[in-house]
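The structure appears below as structure tokens.
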Amino acid sequence: MLKRTRYGGELREAEIGSTVILNGWVNTYRDQGKGLFFLDLRDRSGLVQVVFDLEGAAPELVERARGLRREDVIGVRGVVRARVAGANPKLETGTIEVAASELEIFSKSAPPPILPDDHEAEKIQEEKRLRYRYIDLRRPSMQKILRTRFEVTRAARTYFAENGFLEIETPFLIRSTPEGARDFVVPSRLYPGSWYALPQSPQLFKQILMVAGCDRYVQIVRCFRDEDPRADRQAEFSQIDLEMSFVEREDVMAMMGGFAKRIWKTILGYEIGEIPRMSYADAMERYGIDRPDLRFGLELRDVSALAKKTGFGVFEQALAKPRGVVKAIVVPGGAEKLTRKQTDAYAEFVKGFGAGGLPTVKYGAEGFTTGIAKFLEPIQAELVRELALQPGDQVFFGADTWKVVTKALGELRNKLGADLGLTKTGEWKFLWVVDFPMFERDEEHQRWVALHHPFTAPLPGEESKLESDPENCLSAGYDLVVNGSEIAGGSIRIHRQDVQQKVFELIGLTAEQARSKFGFLLDALQYGAPPHGGIAFGLDRLVMWLCGTNNIRDVIAFPKTQTGQDLMTEAPSSIDLEQMEELHVRNTVPTQP
RNA sequence: GGGGGCGUAGCUCAAUUGGUUAGAGUACCGGACUGUCGAUCCGGUGGUUGCGGGUUCGAGCCCCGUCGCCCUCGCCA
């Protein structure tokens, strides 16, 4: 066997004159006739041109070479030499080529259904790429993503090892716990009628590792949530998960900030600098979202006080609602940049988030024009001052309950940022969001739900509000946001059994329910639990940002479709009747004929 | 569960809006070619128009159902 001595894509002019053996796939071939045959050999490192010619090779060799086709797998021995007829600037190896003297064909390829060319791949239906994933992954850009993902996890292990963390595995077959996302479940063979669940995260296990004295835990771990996927999430995903003992939130944030800095430095050579902070309340008021994209302004401004003076029906009705507000977004230069068609489309857009419409005005030399200009006459001067309007600006208003306005304008703000080209690649705006409320009111079920999760501790000094004022009790949670995307989230945990009981009670779990579902945690907290806290990084989303893709399937070697299928293996599938009987389950779906 | 988009040759697309035998590029096969590089030139194979019904003299195109993929709202403690 011709065994590789070098990766072809790494060869450069310095190697001219040396003999190498390359292994790889035929990317393309160019048959020049009887005696001259070129091919581009692809391996993990990239492409290099291999030439078979009469001067240097036996005719028999040339004949065999001429039979090569795309995606055949070969070994080649040859001498590295300078290109005779000029370089190919498109290849990193474009100034050299390998003059082949020996060829071994390891495997012929059937005509490939798709070709692993980066310039083709954009056009190929993703369905085909997923079906033939083993071909698609041969593409240089996919190889680069796989490598980047590995560099991230390697840097993570190095960083956390340097900081005294232990990587400890937690089980995949666990007890199903309520709340949160829908569980994937696995039937038990040995306990008829009983089920395991796959973990949505190792949350409880890592807390128990702290009780167990492990002090600092990290794990790069798969998590499972049986919810409908999106472009940036799927049922099965990975976290860099960690937990620390004897810490306050400052300690965890410092550790994670250091990790983010390490990653951006290692992978992109980028210096993050100090990561600013913002309270959840601020984020919601000014950006309408708990993960603001700070790459652009367009902040939401509360103009309720002024709106009250207009007598405009839409504003009045909104302000009459419980917690009704009127907020504004100023688009600098929007009067000219935004067409009527666009602003109409934005009105439709915000309706999708429950807003009744999108009142708007343009500001110019003659004051307010278009839209609701006439209604704003009484407050024009004050509004111009309040919003620091410049001629040419356009103002959009949201008028409804705080919740609807916040959501609608927050989403509109992000859309405007994208549409107006306010986000540049290579720009990184990090932000810690802190001081979340412990609870959110679920009006439909008339109860409190934990905003983060029910193991999150109140901020020091806020504990008493659990009794007196749960709505305004702040938590010791923290989210790390980059460019409007939440890439990590965590909190200081409750380490006292009585506090944990109280929180369970507030979210509507009776003592009995809490005991039956989380008894092991409550027990553990009784027997010497250190103060502890942690955080989890979404590995997939992290790699997406680092690789510049907005498709989570690009950063997972074998991803699932939006309906949870693996198109390559065709999972999920039906199972044999015997398998089902062994597992004590029965199929209630009529079988296909 | 709701909304939107897509589905024609292995792949990427077209088919003058219901009209002859569904075309092109590419891949593949055969031939030519000694410096190509997304090689080129000549010729060729290749189709259950996702699937199932329906309307019609006639359906890739219209209608109904169904399957699959993507985006999205809900959902994702």
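Every chain is numbered from 1 and lettered A, B, ... according to where its sequence line falls, protein lines coming before strand lines.
- One C1' atom belongs to C61(B), the other to U55(B), and the distance between them is 14 Å to the nearest Å.
- Nearest-nucleotide assignment on RNA chain B puts the 5′-proximal partner with Asp53(A), out of Thr563(A) and Asp53(A).
- By the 4.0 Å N-to-carboxylate-O rule, Asp479(A) lies too far from Arg291(A) to be salt-bridged with it.
- In this entry A24(B) has U12(B) as its Watson-Crick or G-U wobble partner, both defining distances falling under 3.5 Å.
- Checked for salt-bridge contact, Asp435(A) and Arg249(A) meet the test: a charged N lies under 4.0 Å from a carboxylate O.
- Only the P atoms considered, G4(B) is 14 Å distant from C63(B), to the nearest whole Å.
- Residue contacts shown for Arg447(A) are absent, as no nucleic acid heavy atom lies under 4.0 Å away.
- Residue Arg70(A) places no side-chain atom within donor-acceptor reach of the base of G38(B), judged by atom type and a 3.5 Å distance cut-off alone.
- Atom CZ in Phe224(A) sits about 16 Å away from atom C1' in C76(B), given to the nearest Å.
- Electrostatic pairing of Arg129(A) and Asp554(A) counts as a salt bridge here, judged by a charged N lying under 4.0 Å from a carboxylate O.
- Between G52(B) and G46(B), the two C1' atoms lie 26 Å apart (nearest whole Å).
- Of the nucleotides present, none pairs with C75(B) by Watson-Crick or G-U wobble criteria with both distances under 3.5 Å.
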Per-nucleotide protein contact string for nucleotides 6-13 of chain B (B base, S sugar-phosphate only, - none; heavy atom under 4.0 Å): ----SSS-
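- One donor-acceptor pair, N or O on each side, does fall under 3.5 Å between the base of C37(B) and the side chain of Arg83(A).
- Among the heavy atoms of the strands lying under 4.0 Å from Gln562(A) is at least one base atom, whether or not backbone atoms are also near.
- Taking side-chain N and O atoms only, Arg230(A) has a distance below 4.0 Å to OP1 or OP2 of C73(B).
- Rounded to whole angstrom, the span from the CZ atom of Arg69(A) across to the P atom of A39(B) amounts to 13 Å.
- Within 4.0 Å (heavy atoms only), Ser201(A) reaches at least one base atom of the nucleic acid.
- Using cut-offs of 30° and 60° on the angle between ring planes, the pair Phe518(A) and Phe504(A) is parallel.
- Residue Leu451(A) is classed as a sugar-phosphate contact, given heavy-atom separations below 4.0 Å to backbone atoms only.
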Sequence neighbours excluded and cut-off under 3.5 Å, please list the side-chain donor-acceptor pairs for residues 486-495 of chain A, or say none.
| from | atom 1 | to | atom 2 | distance (Å) |
| --- | --- | --- | --- | --- |
| Ser491(A) | OG | Thr456(A) | OG1 | 3.3 |
| Ser491(A) | OG | Arg493(A) | NH1 | 2.7 |
| Arg493(A) | NE | Glu243(A) | OE1 | 3.3 |
| Arg493(A) | NE | Glu243(A) | OE2 | 2.8 |
| Arg493(A) | NE | Ser491(A) | O | 3.4 |
| Arg493(A) | NH1 | His453(A) | NE2 | 3.4 |
| Arg493(A) | NH1 | Ser491(A) | O | 3.4 |
| Arg493(A) | NH2 | Glu243(A) | OE1 | 2.8 |
| Arg493(A) | NH2 | Gly534(A) | O | 3.4 |

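- Counting non-hydrogen atoms under 4.0 angstrom, Gly94(A) reaches nothing in the nucleic acid.
- In this structure, Asp226(A) reaches neither bases nor backbone, as no heavy-atom distance under 4.0 Å exists between it and the strands shown.
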Side-chain donor-acceptor pairs of residues 346-356 of chain A under 3.5 Å, sequence neighbours excluded:
| from | atom 1 | to | atom 2 | distance (Å) |
| --- | --- | --- | --- | --- |
| Tyr346(A) | OH | Asp419(A) | OD2 | 2.6 |
| Glu348(A) | OE2 | Lys351(A) | NZ | 3.2 |

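- Across all strands shown, C6(B) forms a Watson-Crick or G-U wobble pair with G68(B), both key distances being under 3.5 Å.
- Nucleotides A9(B) and G47(B) have their P atoms positioned 11 Å apart, rounded to a whole Å.
- Residue Arg233(A) places a side-chain atom within donor-acceptor reach of the base of C76(B), judged by atom type and a 3.5 Å distance cut-off alone.
- For Arg30(A), a side-chain nitrogen or oxygen approaches OP1 or OP2 of A39(B) to under 4.0 Å.
- Under 4.0 angstrom from either OP1 or OP2 of C37(B) there lies no side-chain N or O belonging to Arg42(A).
- The P atoms of C75(B) and C13(B) are separated by 35 Å, rounded to the nearest whole Å.
- As rounded to the nearest Å, G35(B) and U40(B) have P atoms that lie 16 Å from one another.
- One atom, CZ of Phe37(A), and another, C1' of U40(B), lie 15 Å apart when rounded to the nearest Å.
- The partner of U17(B) cannot be assigned: no Watson-Crick or G-U wobble pair with both contacts below 3.5 Å exists in any strand.
- Note on Arg553(A): only backbone sugar-phosphate atoms sit closer than 4.0 angstrom, heavy atoms only; bases stay farther off.
- A salt bridge between Arg131(A) and Asp136(A) is absent, with no side-chain N of the basic residue lying under 4.0 Å from a carboxylate O of the acidic one.
- Glu71(A) has a carboxylate O that lies under 4.0 Å from a charged side-chain N of Arg42(A), or vice versa, which qualifies the two as a salt bridge.
- The separation between Asp554(A) atom CG and C70(B) atom P is 12 Å, rounded to whole Å.
- One finds a salt bridge joining Asp523(A) and Arg515(A) here, because a Lys/Arg side-chain nitrogen approaches an Asp/Glu carboxylate oxygen to under 4.0 Å.
- As rounded to the nearest Å, U49(B) and G44(B) have C1' atoms that lie 23 Å from one another.
- At whole-Å resolution of the value, CD in Gln203(A) and P in C76(B) are 17 Å apart.
- Taking the six-membered ring where the residue is Trp, Trp448(A) and Phe439(A) present tilted rings, their angle falling between 30° and 60°.
- Between Phe353(A) atom CZ and C73(B) atom C1' there is a gap of 8 Å when expressed in whole angstrom units.
- Summary of the strand contacts: Val84(A) and Thr28(A) both lie near RNA chain B, and taking for each the nucleotide with the nearest heavy atom, the more 5' one is attributed to Val84(A).
- If you check every strand for non-hydrogen atoms under 4.0 Å, Tyr29(A) touches sugar and phosphate atoms only.
- Atom CG in Leu91(A) sits roughly 15 Å away from atom P in U36(B) (whole-Å rounding).
- On the C1' atoms, U45(B) is 13 Å away from G10(B), given to the nearest whole Å.
- Residue Glu97(A) is in base contact, counting any heavy-atom pair closer than 4.0 Å across all strands shown.
- Between the base of U40(B) and the side chain of Gln32(A) there is no donor-acceptor pair shorter than 3.5 Å.
- Straight-line distance from the CG atom of Asp228(A) to the C1' atom of C73(B): 11 Å, rounded to whole Å.
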